[in-house]
Engineer: 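Encoded as structure tokens, here's the structure I'll be asking about.
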Amino acid sequence: MSKPTTPGNSRRRFLAGAAATTGLVAASSFVPTRFAIGAKAPVKIGILLPYSGTYAMLGESITNGMKMRIEQAGGMLAGRAVEYVAIDSEMSVPKAPQNTKKLMSKEKADFIVGPVHSGIAAAMSKIVGARKSPIMIVPNAGHNGITGELCAPNIFRTSFSNWQPAFPGGKVMADDGHKTAVTISWKYGAGIQMMGAGKAAFEANGGKVIKEILMPFPDVEFQAYLSEIAALKPDAVFSFFSGGGAIKFVKDYAAAGLKETIPLYGPGFLTEGVSKAQGAAAEGIRTTLHYAANLDNPANKAFRAAYISAFGDKPGPNVFSVQGYDAGSLLLQGLAAVGGDTGATGDLIAAMESATFADSPRGFWKMSKAHNPIQDIYLREVKDGVNLVKGIAAKALEDPATGCKMG
Ligand code: BEZ
């Protein structure tokens, strides 16, 4: 059974005060909102994110970003205090239904924020989307189906679909003059969908994928695959890994002597939040993502300064904390519109659908009809350990939302 967790962070004092995180035991004395709006009961946010394993940094960054946004607004949601109850997802798909039901039925969370992992997202959304409430905010997991065939009025995403950063990446690889490529990733929703999107764009632009490597998640034994790539001699490699796995892949790739001869591409997760840890092995890698460290907008500058001041620079602000920050903005706007009444589900959903993100560190974005960001995808390149923007790979890119019957 997964343990309730108070996400660890050296700067936890930043979060002390109104927006406290509690474990499941402490939270069980919660007074249901419908009995206590007059008394300003806390808004309860159930969090299902990874705080252990290869994606631990992602869960931590999202949590920090969301809490920071709410703290910046006074630590309240429409005048109501905020109570967080967090469960470590352990990146376990089999445990996802049980964890989701725990947050819904036992904890009676008003909102569920999570997950990071596409497989968990699919499992969660089948449960949450079958009901009118609670409202689920996906602050990372890119599973195309969440805002496609599994879309639902009470499911929103503040991150991306797996197709979004990967499709422009395949075109960049072709535009850079490469004719053949190998794809390599983990064999689960995110890896399969991102590699599929990258391949489609690469081949539509004259390239040919000569080998598709999928390895078990979250394995990091890359050696045999790297030897295979060396023997195949493609022009380029297109890859999705993230968190701890991305650190090791990029380092092993360079150590195998491939970096100089077969350039690495991929959705920006390959170097996001980990480029400093990857060191020289990451230098020059070109990726596509909806965020870059040096985006020249005032919101990004303020966000980065505040984040570093609160949580330090290891790993520092990144796309995951931005997605959490925007989840906080979505909560603030939605609840402001209904005066904090979490029971006004229809009006709350309507307000969240029309929420604006002019002040997002990633630049302006808005919700699509399927509840997924319509956003710019940037071309980035790592220089001195930082993912720097080189241009816009796709402007205001909207996911096709294939199969979504809503809206
Ligand atoms: C996913 O599983 O959807 C995912 C995980 C890490 C980074 C990006 C996507």
Side-chain angles (χ1 to χ4, degrees), residues 5-21 43 45-51 55-77 82 84-86 88-89 111-117 136-142 156-160 242-243 268-269 272-274 289-295 297-335 352 355 357-365 373 375 387:
T5 178
T6 300
N9 194 292
S10 54
R11 309 295 173 98
R12 224 177 274 149
R13 69 180 183 280
F14 174 81
L15 302 168
T21 302
V43 175
I45 300 182
I47 301 174
L48 186 55
L49 288 171
Y51 297 111
Y55 287 163
M57 176 275 286
L58 285 67
E60 191 81 34
S61 299
I62 291 166
T63 307
N64 290 344
M66 176 175 69
K67 290 185 174 180
M68 186 174 94
R69 178 71 186 94
I70 293 171
E71 282 296 298
Q72 284 176 347
M76 312 276 270
L77 288 169
V82 185
Y84 300 100
V85 58
D88 180 358
S89 73
F111 296 90
I112 295 184
V113 175
V116 155
H117 181 290
M136 174 171 156
I137 300 177
V138 180
N140 186 72
F156 289 82
R157 179 151 56 192
T158 60
S159 50
F160 57 91
S242 190
F269 308 107
E272 187 67 14
V274 290
L289 200 66
H290 46 291
Y291 183 65
N294 66 331
L295 287 181
N297 68 66
N300 188 39
K301 286 178 185 150
F303 165 78
R304 295 186 71 85
Y307 194 94
I308 290 169
S309 145
F311 306 109
D313 62 357
K314 288 188 178 59
N318 54 47
V319 77
F320 310 110
S321 45
V322 168
Q323 293 165 176
Y325 186 84
D326 288 349
S329 290
L330 183 59
L331 285 164
L332 284 159
Q333 291 183 59
L335 282 163
M352 290 170 75
F357 298 87
D359 59 351
S360 171
R362 74 182 87 169
F364 174 86
W365 67 272
Q375 57 191 340
N387 286 286

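Numbers here simply count residues along the sequence, with the first being 1. These values consider heavy atoms only, across backbone and side chains, with no hydrogens, waters or symmetry-generated copies.
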Engineer: Return yes if some donor-acceptor pair links the side-chain N/O of Gln375 with the main-chain N/O of Gly363 below 3.5 Å, else return no.
Structural biologist: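 Checked: no pair found.
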Engineer: Which heavy atom of Tyr307 sits nearest to which heavy atom of Ser61, and what is that distance?
Structural biologist: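 For Tyr307 and Ser61, the tightest heavy-atom pair comes out as OH-CA, 3.7 Å.
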Engineer: Measuring from Asn140:CG to Ser242:OG, what's the distance to the nearest 0.5 Å?
Structural biologist: 7.0 Å
Engineer: Would you mind reporting whether Ile137 and Met66 have side-chain heavy atoms less than 4.5 Å apart?
Structural biologist: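 Met66 does not reach Ile137 side chain to side chain.
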Engineer: Quick one: does any side-chain atom of Asp326 pair with a main-chain N or O of Thr158 as donor and acceptor, under 3.5 Å?
Structural biologist: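 It does not hold such a pair.
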Engineer: If you look at every heavy atom in Val319 and His290, which pair is closest and at what distance?
Structural biologist: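 What the structure gives for the nearest pair is CG2-NE2, 3.3 Å.
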Engineer: Atom CG in Leu331, atom CD1 in Ile70: separation rounded to 0.5 Å?
Structural biologist: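 Reported to 0.5 Å precision, the distance equals 5.0 Å.
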Engineer: Quick one: CZ on Arg304 to CG on Asn294, what's the gap to the nearest 0.5 Å?
Structural biologist: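 Arg304 atom CZ to Asn294 atom CG measures 8.5 Å (nearest 0.5 Å).
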Engineer: Can you name the closest pair of heavy atoms from Pro115 and Pro139 and give their distance?
Structural biologist: O-CD, 3.7 Å
Engineer: Please lay out, stage by stage, how Ser321 and Asn64 fare under the test side-chain hydrogen bond (donor to acceptor under 3.5 Å, both in side chains).
Structural biologist: CA-CA 6 Å; Ser321 45; Asn64 290 344; over 6 Å; no
Engineer: Test side-chain contact (heavy atoms from CB on, under 4.5 Å) on Phe320 and Gln323 and set out the steps.
Structural biologist: CA-CA 5 Å; Phe320 310 110; Gln323 293 165 176; 4.0 Å; yes
Engineer: Just by distance, no angles: are the side chains of Thr63 and Tyr51 close enough, under 3.5 Å, to form a donor-acceptor pair?
Structural biologist: yes
Engineer: Indicate the atoms forming the closest heavy-atom contact of Met57 with Pro315, along with that distance.
Structural biologist: CG-CG, 3.7 Å
Engineer: Say you draw a straight line from CG of Asp88 to CG of Leu49; how long is it, rounded to the nearest 0.5 Å?
Structural biologist: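 These two atoms lie 9.0 Å from each other.
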Engineer: With a 4.5 Å heavy-atom cut-off, do Pro317 and Val322 have their side chains touching?
Structural biologist: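 In short, these two side chains do not touch, never coming nearer than 4.5 Å.
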Engineer: Check step by step if side-chain contact (heavy atoms from CB on, under 4.5 Å) holds for Arg69 and Asp359.
Structural biologist: CA-CA 11 Å; Arg69 178 71 186 94; Asp359 59 351; 3.9 Å; yes
Engineer: For the CG atom of Leu295 and the NZ atom of Lys301, what is their distance to the nearest 0.5 Å?
Structural biologist: 10.0 Å
Engineer: Find out whether the Lys NZ or Arg CZ of Arg362 is both under 6.0 angstrom from the six-membered ring centre of Tyr291 and within 45° of the ring's axis.
Structural biologist: no
Engineer: For Leu335 and Phe111, run side-chain contact (heavy atoms from CB on, under 4.5 Å): C-alpha distance rounded to whole Å, both residues' side-chain angles, the deciding distance at 0.1 Å, then the answer.
Structural biologist: CA-CA 11 Å; Leu335 282 163; Phe111 296 90; 3.8 Å; yes
Engineer: Closest heavy-atom contact between Ser159 and Ala141?
Structural biologist: OG-O, 4.1 Å
Engineer: Heavy atoms, side chains only, cut-off 4.5 Å: are Met68 and Phe311 in contact?
Structural biologist: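 A side-chain contact under 4.5 Å exists here.
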Engineer: With no hydrogens and no angle check, just 3.5 Å: does a side-chain donor-acceptor pair link Glu272 and Asn318?
Structural biologist: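 No pair is found: no donor N or O on one side chain lies under 3.5 Å from an acceptor on the other.
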Engineer: Are the side chains of Ser360 and Tyr325 in contact, using a 4.5 Å heavy-atom criterion?
Structural biologist: no
Engineer: Are the side chains of Leu77 and Leu332 in touch, meaning some heavy atoms are under 4.5 Å apart?
Structural biologist: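 Yes. Closest side-chain heavy atoms under 4.5 Å.
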Engineer: Could you give the distance from CE (Met352) to CG (Leu330), rounded to the nearest 0.5 Å?
Structural biologist: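 It is 3.5 Å, given to the nearest 0.5 Å.
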Engineer: Is the shortest heavy-atom distance from the side chain of Ser89 to the side chain of Val116 under 4.5 Å?
Structural biologist: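 When only atoms from C-beta onward are counted, Val116 and Ser89 do not touch, as no gap falls below 4.5 Å.
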